[in-house]
Amino acid sequence: MSNQVSVDPKIESLTQAFIEIISETNGITLNDTLELMINAEAIRKDSYLSRQIHEFRGLISAFHTDQIGIETLLGHSVSNALFEFFRRFPLTYRDEHTHLTGALSAEFIYPRLKKLLDGPNRAIYEKKIVDIYGPSALPIRSMADVDRLLKLKDDERFSRYLSILMLPKLLMVDREAHVDAAYSMAKTLYTQYNVGFIRLKFSLSRATADEAEKVPGLDNLTEEDVVLGLYDGFMKFKKEYPRWNFTLSPSFRKESNFFDNVRFPSKKEHFLHQVNEILAMIDKYPFLADVMSEVDTVGNESDLFKKVHFLDMKLGFRKLQYRGFKIRSHHGEVWKTLRKGIQAVDNAMNIWRIDTLEHGLSLGINPNFYFHSLFQRVLKWNKRGEAIRPGTLEYNEVSEMDWQDHSTHVRDKLVAGTLLNEDEVRLFTKAKFHTAREVELYQHDVLNRMIDKGVSLVSLPSSNNKLSALFEDYKDHPFSWWEKKNVELGVGTDNYVTLNTNFIQELLILLFTDPFDLKITKLLMVATGETKRPFLSHYLWQMRKNQKMIR
């Protein structure tokens, strides 16, 4: 365990019970584990333990029949005990996907932001804050005020999420800020959540033609300042805790307007410049080659799915690949239509030759369920005489369904909110059915090629649920389906502060969403990167042994 933490005695008794049963059963499914605990004599004799296990097992059933939300499960004492179990596991975890700006806490940001707001450029920073967060964001007088701005609200989605990351960006304007940020992040992850490896996503250059994204004070920040600052901060922590390790993953916004339009005539030219800067840094500082051997792409991909959308960065990626770099890409996260979301992943594999897919949700959505749910929503609106609002997911999908020449009038009536007759509803059903079938075939073709090519996939359950709104509940997340398909998986938190989560909570979410088939040992293997089951079993028994020694 990375750090000693005081635990409520009742939670401790539950934690010890979990350590004992999980070690003795070699990490079977959560449902089977709970059943065995209920039948264990020691637990039956302890009224508190018995009551908590019975209650939690009932809540698991209620969650899977849509009677309660996952928040109820995460707030239960059994969940707290499972959190402790995962926190104490002797092997550390690998957070395969964390962004710099979304992993900085209010505790880190507030004192540094206060200096800016008390300084000579106060008006500039206040205007930027008001532009992004609204007039109610000011004044900022405490960490609580900062924390309120950092957290994504329940009704906010992807586009808002990208903009509210501005607050930490205001601070990251020199090398020292990057040193402090990396050290702070490493300390929090290692001591609180047993994370011993981080794959950090960060912007090498934050120059942009988008006025809303421009940050005061960036003029003197170089690519070297960013990379060496993060490296020094992580290495400073590694000297204190040698088990800590990291990978720096420079990330580039995919959108066409994200480039330095003052210094470069096009995105392609600016991207090639950044690629050359990365390679020059590796040559100048050879020690970076051990921790910076990959790049990533980020941003809103809704409009980026055609082959032409991938050409600006193709040459730069090829140059990096010839120097041994791997390419990771955020794709299949959001889309205008599901088919285009799959197409984006397809082109990322074929044109950029990616090694890892981040998010990949378009390859996990069940097309038949997805389209029939949409069909039900649209038909309900139609019966009320409601038009489909342009720009919505429903509008995009209905507009691009497999309408035959004889049924396009049905599409037009749906869009206009004109009531369909019985025959027209049947035509809508057929268009929906054939569209879902074609998309399903395309999806499985791309997924199977991804598996054949050995392209790994990083799963981010909270991020996908909170940002995309493309599936109704956490339990609809495709992690377990991917695991059954033998996809090479990793787990990440994305922007865990912004999304109000942490790595262990992500593991609990995955466990609770599939308590009947997902084995605890398998989840530990994915989370730690350890592939040898007997070795993992050894550590489970080591936990049990250590627990008995403490007693």
Side-chain angles (χ1 to χ4, degrees), residues 1-57 59-60 73-94 189-196 243 491 502-530 532-551:
M1 183 171 63
S2 301
N3 199 30
Q4 295 293 329
V5 175
S6 177
V7 178
D8 181 277
K10 290 185 175 180
I11 302 300
E12 181 62 31
S13 65
L14 274 168
T15 302
Q16 291 176 0
F18 272 113
I19 291 173
E20 191 165 308
I21 191 69
I22 292 172
S23 64
E24 291 178 354
T25 59
N26 200 23
I28 55 178
T29 68
L30 178 61
N31 186 63
D32 289 344
T33 300
L34 294 173
E35 182 179 343
L36 291 174
M37 293 178 81
I38 285 171
N39 293 323
E41 184 178 358
I43 289 178
R44 282 192 283 109
K45 288 181 178 179
D46 188 315
S47 59
Y48 172 76
L49 292 179
S50 180
R51 184 174 66 255
Q52 294 301 312
I53 298 297
H54 269 97
E55 183 177 275
F56 190 76
R57 198 175 182 210
L59 290 175
I60 286 283
L73 290 176
L74 292 172
H76 196 272
S77 57
V78 168
S79 181
N80 295 335
L82 283 166
F83 187 101
E84 274 301 301
F85 165 80
F86 282 108
R87 193 181 67 81
R88 298 180 191 184
F89 190 68
L91 294 180
T92 57
Y93 303 121
R94 297 175 59 89
L189 292 173
Y190 189 81
T191 59
Q192 295 185 27
Y193 308 117
N194 197 30
V195 173
R243 287 207 301 172
V491 177
N502 58 68
F503 190 85
I504 296 179
Q505 181 165 297
E506 295 300 285
L507 297 184
L508 294 178
I509 288 170
L510 293 173
L511 195 61
F512 298 164
T513 54
D514 188 11
F516 310 108
D517 291 312
L518 179 61
K519 294 182 178 179
I520 296 171
T521 298
K522 178 61 180 181
L523 184 58
L524 285 169
M525 291 174 71
V526 172
T528 61
E530 178 54 60
K532 299 182 289 293
R533 285 180 183 268
F535 190 51
L536 214 65
S537 300
H538 161 73
Y539 277 110
L540 288 172
W541 275 97
Q542 193 66 43
M543 288 181 76
R544 188 175 186 275
K545 179 180 177 182
N546 291 342
Q547 169 189 289
K548 289 188 177 295
M549 288 174 63
I550 292 172
R551 287 179 183 176

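No experiment lies behind these values; they were computed from the predicted model shown.
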Exercise. Is D514 reaching over with its side chain to a backbone N or O of L510, donor-acceptor style, under 3.5 angstrom?
Worked result: no
For this session: Please confirm whether the backbone N or O of R533 pairs with a side-chain atom of S537, one donor and one acceptor, at under 3.5 Å?
Result: yes
Exercise. Do L91 and L536 come close enough that some side-chain heavy atom pair is under 4.5 Å?
Worked result: yes
Exercise. Do F503 and Y93 have ring centres separated by under 6.0 Å?
Worked result: yes
Output a table of donor-acceptor pairs, distance under 3.5 Å, between side-chain atoms of residues 516-524 and any protein atom two or more places apart or on a different chain; print 'none' if there are none.
unit_1	atom_1	unit_2	atom_2	d
T521	OG1	N26	O	2.6
T521	OG1	G27	O	3.3

For this session: To the nearest 0.5 Å, tell me how far T15 OG1 sits from F86 CZ.
Result: 12.0 Å
Exercise. Can you find a pair of side-chain heavy atoms, one from Y190 and one from R243, that are under 4.5 Å apart?
Worked result: yes
Problem set entry | No-hydrogen, no-angle side-chain donor-acceptor test under 3.5 Å, E20 and Q16 | no
Problem set entry | Set of residues satisfying salt bridge (charged side-chain N to carboxylate O under 4.0 Å, His left out) with respect to E55, sequence neighbours excluded | none
Exercise. Once the angle between the rings of H76 and F56 is folded into 0 to 90°, is it parallel (under 30°), tilted (30 to 60°) or perpendicular (over 60°)?
Worked result: tilted
For this session: Any chance you could lay out the side chain to side chain contact (heavy atoms under 4.5 Å, CB included) test for E35 and I38, step after step, and finish with the verdict?
Result: CA-CA 5 Å; E35 182 179 343; I38 285 171; 5.7 Å; no
Problem set entry | I53 side chain near L14 side chain, heavy-atom distance below 4.5 Å | yes
